Amino acid sequence: MEHIRTTKVEQVKLLDRFSTSNKSLTGTLYLTATHLLFIDAHQKETWILHHHIASVEKLALTTSGCPLVIQCKNFRTVHFIVPRERDCHDIYNSLLQLSKQAKYEDLYAFSYNPKQNDAERLRGWELIDLAEEYKRMGVPNSNWQLSDANREYKICETYPRELYVPRIASKPIIVGSSKFRSKGRFPVLSYYHQSKEAAICRCSQPLSGFSARCLEDEHLLQAISKANPANRYMYVMDTRPRLNAMANRAAGKGYENEDNYSNIRFQFVGIENIHVMRSSLQKLLEVNGTKGLSVNDFYSGLESSGWLRHIKAVMDAAIFLAKAIAAESASVLVHCSDGWDRTSQVCSLGSLLLDPYYRTIRGFMVLIEKDWISFGHKFSERCGHLDGDPKEVSPVFTQFLECVWHLTEQFPQAFEFNEAFLLQIHEHIHSCQFGNFIGNCQKEREELKLKEKTYSLWPFLLDDQKKYLNPLYSSQSQKSAVLEPNTVSFNFKFWRNMYHQFDRTLHPRQSVFNIIMNMNEQNKQLEKDIKDLESQIKQRKTKQTDGILSKELLNSVRPESPALKATLSLKEQALLPVNNVLRTIEGSSPADNRYSEYADEFSKAEPAVVSLEYGVARMTC
Amino acid sequence: MEFAELIKTPRVDNVVLHRPFYPAVEGTLCLTGHHLILSSRQDNTEELWLLHSNIDAIDKRFVGPLGTIIIKCKDFRIIQLDIPGMEECLNIASSIEALSTLDSITLMYPFFYRPMFEVIEDGWHSFLPEQEFELYSSTISEWRLSYVNKEFSVCPSYPPAVIVPKAIDDDALRKVATFRHGGRFPVLSYYHKKNGMVIMRSGQPLTGTNGRRCKEDEKLINATLRAGKRGYIIDTRPLNIAQQARAKGGGFEQEAHYPQWRRIHKSIDRYHILQESLIKLVESCNDQTQNMDRWLSKLEASNWLTHIKEILTTACLAAQCLDREGASILIHGTEGTDSTLQVTSLAQIILEPRSRTIRGFEALIEREWLQAGHPFQQRCAQSAYCNSKQKWESPVFLLFLDCVWQILRQFPCSFEFNENFLIMLFEHAYASQFGTFLGNNESERCKLKLQQKTMSLWSWVNRPSELSKFTNPLFEANNLVIWPSVAPQSLQLWEDSEAYLLK
């Protein structure tokens with residue numbers, strides 16, 4: 001690898017991010033083609049994928065060495081001290097090169113090899129089938145049909161090939177409408193609610209300027225409205241703040257004029273744009289990274305970052321959408337500017353509120369494939385996969401995941417998956433280890449031949465399903481239940497396990513989820529034991545009826561029976577490791593928690609990592 | 001019956017009740033000496049029984065002949081009653097006002113309450129100091145049970161029996177008491193079996209401006225140290241406040257006179273600062289319409305979580321000194337009845353597995369709060385809706401329970417009880433049918449003859465049928481010291497204590 005000059009540096013210190021006393025671990029730093037690896041004196045490994053690196057910073061030289069600070073897109077922050085400046089410089093330069101690739105072909109996914117054959121890989125890609133999904137929703141039907149207008153990406157490059165539109169919308173109407181919409185993204189079906197016969201449709205802003213009209217576009221909206229026999233009006237949701245939408249008119253874009261469209265109810269919902277979101281997250285991370293943060297600084301930082309305000313705005317928009325469909329049976333057309341950021345957030349979250357299927361593990365994958373991947377959310381630009389325009393980077397998808405997390409907190413029984421599932425997906429939108437999130441639209445993905453050259457993430461998540469199951473999930477109570485979250489401000493909390501997922505000292509020390517999962521496992525094991533024992537009894541009884549009443553049988557009633565003993569000890573063996581896990585308390589020590597400035601003085605006698613008397617340090621995610 | 005005079009209108013029909021989480025109910029409102037009752041007369045489930053002593057404040061409003069009384073409870077609930085007829089409404093309001101602010105403790109409900117359940121174990125005798133000492137006696141040979149305060153003459157806020165160093169006789173204790181605020185001489189609060197180190201608590205030393213000293217006090221404190229060991233004195237006040245206290249005759253231990261001890265100052269707020277914090281917090285929780293920025297800035301301005309962090313940090317520091325440093329500690333603030341008890345009791349939660357069981361936690365409350373003389377009657381007289389700014393009302397105990405809840409959130413399997421248990425204790429500390437939290441200290445409780453005249457909360461709680469509601473199904477006993485995280489990102493608003501406010 002031409003970028004790597006130094007592959008191994010010894011005596012590197014890894015500083016504790018929040019320690020005020022500069023506590024550190026000493027170990028060896030390795031640089032590989034794909035990862036940065038730190039192994040400390042206790043043989044604990046810290047792996048950092050190059051693609052996860054958001055920024056590398058070399059600070060001024062100190063007496064103990066040259067500090068290197070790496071911020072990752074998965075919110076890991078590491079602070080190394082490299083003894084020799086030359087080494088530090090080499091690593092710094094290599095990481096700069098390795099973390100920002102110029103070509104898609106250099107991304108990890110193109111070299112990642114999980115040792116599957118071609119057939120397996122292909123099956124992985126076919127796991128999520130959107131045609132199946134539309135069928136599940138109940139389209140095509142008498143009102144909605146599959147349009148071949150974009151089969152060759154002729155009308156809209158950023159849309160998928162297969163689009164569903166109202167049956168009465170002819171091709172000229174579609175083509176006409178697409179010319180009146182930013183980037184040709186004309187109104188198409190995103191979700192069809194079978195029992196209400198109402199639809200969620202999505203598009204980009206109209207090129208209305210101050211007064212322009214387009215009859216085809218008006219017709220298409222009317223067609224969407226007519227495709228819903230249950231209600232004669234439809235909502236048009238512009239997810240932008242009114243001011244932004246008005247400003248767009250000067251650029252020949254804008255929003256629908258209610259006078260020109262029959263029976264539409266127009267609504268702004270005020271979600272800010274990608275640039276506001278990017279700087280909001282940045283502020284949030286700055287506050288969080290502060291050493292010795294006080295409660296008041298934390299909350300005033302949380303407030304001034306505006307992050308939770310933005311999350312609430314997205315959630316409120318999705319609730320508006322879901323209510324329009326569930327309570328009024330009205331169809332809704334959603335757009336923002338280009339219709340691939342805020343529109344994706346609102347459409348997907350709205351569908352998730354309406355349809356319990358999307359709250360299952362597989363359904364959630366389908367939802368992401370549909371509203372995010374296929375409709376052209378620009379993952380590569382928003383996640384900064386390649387060395388590109390930093391102004392295109394924005395945590396739009398992260399916000400979506402956070403909204404889902406808030407829902408899982410309010411409705412702990414409604415979701416089949418747990419927090420770890422959301423965190424894992426977040427990990428992989430940036431990892432570029434799988435092909436799913438590479439590229440900005442379907443056309444680009446086809447050109448990159450991702451399905452031939454890379455693997456899909458979903459089968460790997462499904463294989464690991466056990467880790468992502470929510471033990472509290474109750475599928476029965478969720479049948480056709482629409483979620484109605486409460487968005488009073490105090491229901492929104494800081495998502496510690498996302499933004500501090502690698503800062504384990506801040507985490508709860510025992511996980512209820514793990515314990516319930518383990519209990520479930522134990523129960524299963526016990527039930528199996530009962531069955532085994534019952535079948536043994538049966539066998540013995542058959543022997544008895546055969547008339548072979550022997551000494552052996554008499555023995556078997558007694559507890560000393562060797563057969564019984566064997567099963568019992570077997571059971572104990574099976575249970576033991578589970579019990580150990582149960583008792584594990586995540587390693588923690590008073591020094592980790594920095595109760596006072598006296599901590600350094602107190603901790604002099606402590607080893608670098610203190611685990612509790614019986615506690616074993618263990619990674620969670 | 002004196003109550004009859006206060007009840008001008010005992011009964012009103014067609015009253016509509018609005019309360020959180022329930023649909024509105026129409027029914028008959030009745031006032032008794034201790035309760036406000038609303039019954040729909042159709043279904044027994046639609047009844048409201050509210051103790052007058054739970055009422056923190058009331059507001060009246062009139063629209064034509066329809067009067068509305070808004071009752072704000074000490075447990076933060078807000079209840080609205082629509083009462084037809086202006087006169088009835090005014091009568092009810094003034095009766096409630098009078099009945100909820102009775103001066104005499106002996107008129108309180110616990111003195112009238114007759115339990116409907118069978119008492120299996122009398123809670124008044126569940127946690128006697130002798131029994132508690134017995135638990136340790138095999139391991140603690142350097143300590144003894146002293147009855148120097150038998151008549152409450154040495155220290156009015158201490159119980160008759162306290163644990164003190166064996167080497168110090170009762171005469172010396174009497175001398176030390178004159179040198180400590182409120183006569184609160186240093187006593188044993190907790191003995192750490194692992195290394196024999198101890199937590200002691202006391203009132204501030206009365207050094208005054210001229211640096212008075214007391215040989216017996218120095219001797220007592222030093223008697224708790226083993227040869228060659230050092231100890232820490234944790235003063236819950238910042239240094240400048242402790243220095244100011246000297247002008248009023250109080251003060252802190254001079255290092256020159258206590259050479260084996262190192263003093264650490266922390267800053268835990270007290271009194272009205274905490275009360276105002278609670279008022280602000282509840283006020284902003286009650287405002288459902290505010291946007292995110294306003295909510296966050298109000299939450300910040302309430303300082304509630306800052307207090308939580310400060311108290312937890314100090315408790316962790318104390319536990320750290322004991323368990324990690326192997327040093328004994330003495331904790332005090334000014335009186336030694338508020339922040340001191342928060343710290344000593346939380347340190348035990350962290351260090352001592354027994355205090356994380358239901359029984360052990362009850363014993364902890366009995367020992368470190370009731371026996372130790374936390375003035376419940378004064379502190380819990382009013383809650384978040386009070387207008388009067390009296391100096392002695394303060395949610396000290398609620399803050400302690402909140403801190404326990406924070407630790408419970410971080411160690412959900414290490415506690416035998418669940419958060420309902422904590423909420424129950426909070427509710428009973430402010431308004432109860434039981435006598436447990438009446439009075440300000442043991443001496444007052446004895447004078448009131450609570451043991452004979454009222455029922456103990458523990459008699460009711462410790463029955464299997466009640467216990468099942470308060471038991472944490474995920475509890476798995478562990479003998480570990482549990483170190484919580486005190487980072488702001490790890491602390492949360494305890495909404496369920498505010499549960500009545502939500503929705």
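Since this is a predicted model, take the numbers as computed values, not measurements. We name chains A, B, ... by the order of the sequence lines, and we start the count at 1 in each one.
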(request) First locate atom CH2 of B:W483, then atom OG1 of A:T505, and finally report the distance between them rounded to the nearest 0.5 Å. (result) 15.0 Å
(request) May I ask you to test the B:C413-A:I515 pair for a side-chain heavy-atom distance under 4.5 Å? (result) yes
(request) Flag the one option from A:V512, A:T487, A:I311 with the top tally of heavy-atom pairs under 4.5 Å to chain B. (result) A:V512
(message) So, taking the atom named CG in A:L293 and the one named CD in B:Q489, what distance separates them when rounded to the nearest 0.5 Å?
(response) 5.5 Å
(request) Count the heavy atoms of every other residue, nucleotide or ligand shown that sit under 6.0 Å from CZ of A:R242, and state whether that count exceeds 12. (result) no
(request) Using a cut-off of under 4.5 Å on heavy-atom pairs, state which of B:N303, B:T306, B:D293 scores highest against chain A. (result) B:D293
(message) Could you measure the distance from the CG atom of B:L299 to the CZ atom of A:F298? Nearest 0.5 Å is fine.
(response) 10.0 Å
(message) For A:Q510 and B:S414, which I'm curious about, is there any donor-acceptor pair between the side chains at under 3.5 Å?
(response) yes
(message) If you count every heavy atom of other residues, nucleotides or ligands that lies below 6.0 Å from A:E409 atom CD, does the total exceed 12?
(response) yes
(message) Using only atom types and a distance under 3.5 Å, with no angle test, would you say the side chain of B:S490 pairs donor to acceptor with the backbone of A:L506?
(response) yes
(message) Show the nearest heavy-atom pair for residues A:L308 and B:M292, with the distance to one decimal.
(response) O-CE, 3.5 Å
(request) Below 4.5 Å from any heavy atom of chain B, which atoms of A:S300 appear? Answer side chain, backbone, both or neither. (result) both
(request) Calculate, to the nearest 0.5 Å, the distance between atoms NZ and OG belonging to B:K298 and A:S489 respectively. (result) 11.0 Å
(request) First locate atom CG of B:L305, then atom CG of A:N296, and finally report the distance between them rounded to the nearest 0.5 Å. (result) 9.0 Å
(message) Quick check for you: among B:D287, B:T289, B:N291, which has the greatest number of heavy-atom pairs under 4.5 Å with chain A?
(response) B:N291
(message) I want to check something: taking the side chain as every heavy atom from C-beta on, are A:F490 and B:Q288 in contact at a cut-off of under 4.5 Å?
(response) yes
(request) Could you tell me which of B:A315, B:P473, B:S297 has the largest number of non-hydrogen atom pairs under 4.5 Å with chain A? (result) B:S297
(request) Kindly compute the distance separating CZ (A:R496) from CG (B:L491), expressed to the nearest 0.5 Å. (result) 9.5 Å
(request) Heavy-atom distances under 4.5 Å only: say whether A:D297 touches chain B with side chain, backbone, both or neither. (result) neither
(message) Can you tell me if A:K493 has over 12 outside heavy atoms packed within less than 6.0 Å of its NZ?
(response) yes
